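Report on the following structure.
Remember, it's a predicted structure, so these values are computed and weren't measured experimentally. Heads up: numbering here begins at 1 and tracks the sequence.
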Amino acid sequence: MVNIDVRYIALGSLYLVLGMILGLVMGIRQDFEFVPVHAHLNLVGFAAHCLFGLVYRAWPRMQAGALARLQFWLFVPGTPLLLAGIAVAIKTNNPVLAATGSILVILGALVFMLLAWSNLVRGPRNP
């Protein structure tokens, strides 16, 4: 997969807009039931995706291997599952979808941590 950095930043910007819209709707309605979804949209959706994209941009060799693709395919599908799961858990008290999304997101974060640690020693652009 090429341009993981671009894909992450594009997705992060989408989550930013969605998080802001949800916050605006909650404020207009004065109904803050979905504050946890709003917070996770902004932190996991916007901040994490954009930070991953920026790090992959700074360390381009990180996105070249299979681990980067694995990290992407764990974290990216895990995020909407987590977000929808939080909403479902709020409404139905059933945390299964949120737990599934959480596991995928955490596994993606762990793979990213391994990639980052293995590349920090060599510096951003050194071979």
Single-linkage hydrophobic cluster [X]~[Y], side-chain heavy atoms < 4.5 angstrom:
| X | Y | value |
| --- | --- | --- |
| Leu14 | Leu51 | no |
| Phe46 | Leu54 | no |
| Trp73 | Leu11 | yes |
| Leu70 | Ile4 | yes |
| Leu22 | Phe32 | yes |

With rounding to the nearest 0.5 angstrom, report the [atom1] to [atom2] distance, [X] to [Y].
| X | Y | atom1 | atom2 | result |
| --- | --- | --- | --- | --- |
| Met20 | Leu18 | CE | CG | 11.5 Å |
| Asn42 | His40 | CG | NE2 | 11.0 Å |
| Leu81 | Ile86 | CG | CD1 | 11.0 Å |
| His38 | Leu83 | NE2 | CG | 12.0 Å |

Hey, could you give me each pair passing salt bridge (charged side-chain N to carboxylate O under 4.0 Å, His left out) that has a residue in [range]? Not counting sequence neighbours.
| range | value |
| --- | --- |
| residues 41-53 | none |
| residues 44-55 | none |
| residues 40-54 | none |
| residues 100-112 | none |

If a pair satisfies side-chain hydrogen bond (donor to acceptor under 3.5 Å, both in side chains) and one of its residues is in [range], list it, with sequence neighbours excluded.
| range | answer |
| --- | --- |
| residues 8-27 | Tyr8-Gln71 |
| residues 43-52 | none |
| residues 76-94 | Glu33-Lys91 |

All N/O donor-acceptor pairs, side-chain side in residues 95-111, below 3.5 Å, sequence neighbours left out:
{"from": "Thr100", "atom 1": "OG1", "to": "Val96", "atom 2": "O", "distance (Å)": "2.9"}
{"from": "Ser102", "atom 1": "OG", "to": "Ala98", "atom 2": "O", "distance (Å)": "2.8"}

Next item on the list: Provide the full list of ring-ring contact (aromatic ring centres under 6.0 Å, His included) pairs with a residue in residues 87-119, sequence neighbours left out, each pair given once.
Entry: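 Listed by first then second residue: Phe52-Phe112, Tyr56-Phe112.
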Check: Minimum heavy-atom separation for Cys50 to Gly12, with atom names?
Finding: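 Reported closest heavy-atom pair: SG-CA, 3.8 Å.
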Note to self: Testing the basics here: between Gln63 and Ala68, what is the closest heavy-atom pair and its distance to 0.1 Å?
What the structure shows: CA-CB, 3.6 Å
Margin query: Taking atom CE as the centre, does Met113 end up with more than 12 heavy-atom neighbours from other residues, nucleotides or ligands that are less than 6.0 angstrom away?
Written below: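 Buried by this count: over 12 neighbours within 6.0 Å.
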Margin query: Apply the hydrophobic cluster definition, ILVMFWY joined by side-chain contacts under 4.5 Å directly or through others, and give me every member besides Leu24.
Written below: Ile28
Next item on the list: Quick one: name the residues clustered hydrophobically with Val25, using the 4.5 Å side-chain heavy-atom rule over I, L, V, M, F, W, Y, and just say none if it's on its own.
Entry: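 Under the 4.5 Å side-chain rule, Val25 groups with Val17, Ile21.
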Notebook entry, point to check: Checking side chain to side chain contact (heavy atoms under 4.5 Å, CB included) against Leu82, which of Leu41, Val37, Val44 comes through?
Noted result: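 Answer to the side chain to side chain contact (heavy atoms under 4.5 Å, CB included) test with Leu82 among Leu41, Val37, Val44: Val44.
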Check: Where do Met26 and Asp31 land on the side chain to side chain contact (heavy atoms under 4.5 Å, CB included) test, with the steps shown first?
Finding: CA-CA 5 Å; Met26 287 188 311; Asp31 179 1; 5.9 Å; no
